[in-house]
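Beneath this line is the structure, given in structure tokens, with notes to follow.
Keep in mind that this is a model prediction, so the values were computed, not measured. Heavy-atom basis, side chains included; hydrogens, waters and symmetry copies ignored. In this chain, numbering begins with 1 at the start of the sequence shown.
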Amino acid sequence: MSVLLLALAFACTPSAGPAPGSARPTTEAPARPGTLDGLVRPWHALDPALAESAPVWLVTRYEPGTYPCVQGPDGSLDMLIQDRFTALQVVRGSVRAPGLDLDLGALRGPNFPRAYAEGRRYLLFLRPGPRGQALLADPDALGSTTDRFGADEVLAALDLDQSEAEAEAERVQASRSGELAGVRWDPAQWAALRSAATPDPPRQRDLATFLQAAIARPRAPLAEVRAWLGPPDSQHLRAGGRSDSYVLARPAYAQPVQDGIYGSLELDYDARLELRRVELGYLRWRVEPHQQSSTMLSAEEHTQLGLPRLDLQFR
């Protein structure tokens with residue numbers, strides 16, 4: 001059983017990484033500062049004008065953690081995610097701090113990755129204000145929830161360890177169309193499934209049919225799957241691969257109501273960016289005072305509602 005909490009404060013246990021942001025630019029900048037040679041690869045999208053406007057360029061390693069537990073007003077202990085970036089190399093400017101914390105929820109858009117992977121290196125382009133300058137100048141600064149750098153001070157972040165294959169796949173949009181056993185698939189219909197107010201069982205069953213027969217081929221390359229599905233609503237990077245998450249009936253997901261239902265399509269890829277698992281299922285909201293959670297429907301509920309359930313694994 002899976003449960004999704006929408007609150008920022010979690011139970012005092014390790015938590016998953018941040019939700020990702022928007023897609024990266026689809027064209028490469030024509031020129032780059034020479035001081036970035038050897039760091040930035042040809043496939044890394046970078047706006048040279050934006051880079052030049054940042055007084056601090058800092059190579060970091062993403063090492064997420066959690067802040068110390070704090071007691072809530074009801075006596076519970078809450079733990080917040082710490083998105084920590086350890087300083088590795090100062091390319092421009094002056095930094096004495098061992099690292100800095102970013103507010104990844106606020107850093108979204110074409111100048112930021114959709115997801116961050118623990119252990120990867122990220123080049124941060126910073127324009128710190130007085131508070132940020134003081135933090136970066138402090139060799140003992142550890143940071144707290146009030147010291148996170150946001151959109152006013154972080155102009156861009158570049159994933160230095162992103163491979164060329166990853167970069168190419170990230171640029172792929174949904175474009176493929178097809179027909180199978182009377183089931184038509186095209187980008188417009190896929191977009192309609194994602195934007196529908198609630199899941200429509202017949203259309204969801206058509207989706208499952210097409211997924212099994214045409215899209216979710218064993219070890220299908222990430223770029224090929226993206227040609228059918230386009231960028232996900234969120235993605236998670238890990239040492240041995242990644243996962244893409246698509247929400248079906250996004251309005252029902254975005255505005256929780258008691259017993260509201262939405263769908264979830266999860267695709268897992270290995271380190272070679274080959275599809276290894278596909279999971280399609282539907283969740284029901286439970287709305288209580290001060291808490292909203294969603295739980296996967298049981299197999300019996302899927303059957304009763306006429307909604308498909310897939311769990312495909314490829315060796």
Side-chain angles (χ1 to χ4, degrees), residues 2 4 10 13-26 39-46 58-66 80-88 99-125 148-149 154 156-174 216 219-247 264-279 313-314:
S2 62
L4 171 66
F10 294 83
T13 56
S15 180
S22 303
R24 300 182 66 80
T26 58
L39 279 176
V40 178
R41 309 297 294 173
W43 55 84
H44 291 145
L46 174 66
L58 181 64
V59 178
T60 64
R61 176 173 287 113
Y62 180 48
E63 297 176 328
T66 51
L80 298 180
I81 295 172
Q82 180 188 34
D83 292 309
R84 183 70 172 173
F85 290 75
T86 299
L88 299 179
L100 67 163
D101 297 349
L102 300 189
D103 181 3
L104 293 186
L107 302 178
R108 299 174 183 271
N111 296 317
F112 300 96
R114 278 202 294 266
Y116 295 78
E118 182 173 2
R120 282 198 190 186
R121 297 172 305 138
Y122 294 88
L123 177 58
L124 305 182
F125 296 91
R148 295 181 300 173
F149 285 65
V154 186
L158 195 66
D159 184 350
L160 296 177
D161 293 327
Q162 183 185 53
S163 68
E164 185 173 10
E166 284 182 297
E168 290 178 352
E170 288 294 318
R171 292 192 290 266
V172 175
Q173 302 295 313
R219 300 202 176 190
L222 173 63
E224 181 178 311
V225 178
R226 287 281 182 93
W228 290 104
L229 303 179
D233 292 294
S234 63
Q235 63 190 50
H236 176 70
L237 305 182
R238 57 185 182 275
R242 62 167 58 206
S243 60
D244 284 358
S245 301
Y246 299 85
V247 176
S264 172
L265 174 62
E266 302 274 346
L267 300 100
D268 290 340
Y269 300 85
D270 61 20
R272 295 184 297 275
L273 305 182
E274 294 178 347
L275 186 63
R276 301 304 296 268
R277 182 176 181 180
V278 178
E279 184 175 9
Q313 298 187 49
F314 310 123

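- The shortest distance between side-chain heavy atoms of Glu170 and Arg226 falls below 4.5 Å.
- In plain terms, the two heavy atoms of Gln162 and Ala167 that are nearest each other are OE1-CB, 3.6 Å.
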Quiz item: Going through the distances and angles, do Gln313 and Asp268 end up as a side chain to side chain contact (heavy atoms under 4.5 Å, CB included)?
Solution: CA-CA 9 Å; Gln313 298 187 49; Asp268 290 340; over 6 Å; no
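- Counting only heavy atoms from C-beta outward, the side chains of Leu104 and Ile81 never approach each other to under 4.5 Å.
- To the nearest 0.5 Å, atoms CD (Glu63) and CG (Asp83) are separated by 12.0 Å.
- The backbone N or O of Glu166 lies less than 3.5 Å from no partner atom in the side chain of Trp43, so there is not a single donor-acceptor pair.
- Atom CD of Glu274 and atom CG of Leu222 lie 10.5 Å apart (nearest 0.5 Å).
- A side-chain hydrogen bond (donor to acceptor under 3.5 Å, both in side chains) with Ser245 is found for one member of His236, Glu266, Glu279 and no other, namely Glu266.
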Quiz prompt | Verdict with reasoning, Glu164 to Arg41, per side chain to side chain contact (heavy atoms under 4.5 Å, CB included) | solution = CA-CA 9 Å; Glu164 185 173 10; Arg41 309 297 294 173; over 6 Å; no
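- The shortest distance between side-chain heavy atoms of Arg272 and Arg219 falls below 4.5 Å.
- Taking 4.5 Å as the limit, every side-chain heavy atom of Arg120 sits out of range of all side-chain heavy atoms of Tyr62.
- Looking at heavy atoms from C-beta onward, Ser163 lies out of side-chain contact with Glu168 at the 4.5 angstrom threshold.
- Residues Leu124 and Leu100 are in side-chain contact: their nearest non-hydrogen atoms beyond the backbone lie under 4.5 Å apart.
- Between Tyr122 and Tyr116, the ring planes are tilted. Angles from 30° to 60° get that label.
- When all heavy atoms of Ala157 and Pro113 are compared, the pair lying nearest together is O-CD, 3.4 Å.
- For Asp161 and Arg121, the salt-bridge test passes: some basic side-chain N is under 4.0 Å from an acidic carboxylate O.
- Here the CG atom belonging to Asp101 is positioned 9.0 Å from the CZ atom belonging to Phe149, to the nearest 0.5 angstrom.
- Annotation: side chain of Leu123 is in contact with side chain of Val59 (closest heavy-atom distance under 4.5 Å).
- Distance check, rounded to the nearest 0.5 Å: CZ of Arg61 to CG of Leu160 gives 11.0 Å.
- Between the side chain of Arg148 and the main chain of Leu102, no donor-acceptor pair closer than 3.5 Å is present.
- Residues Val225 and Asp244 are not in side-chain contact: their nearest non-hydrogen atoms beyond the backbone lie 4.5 Å or more apart.
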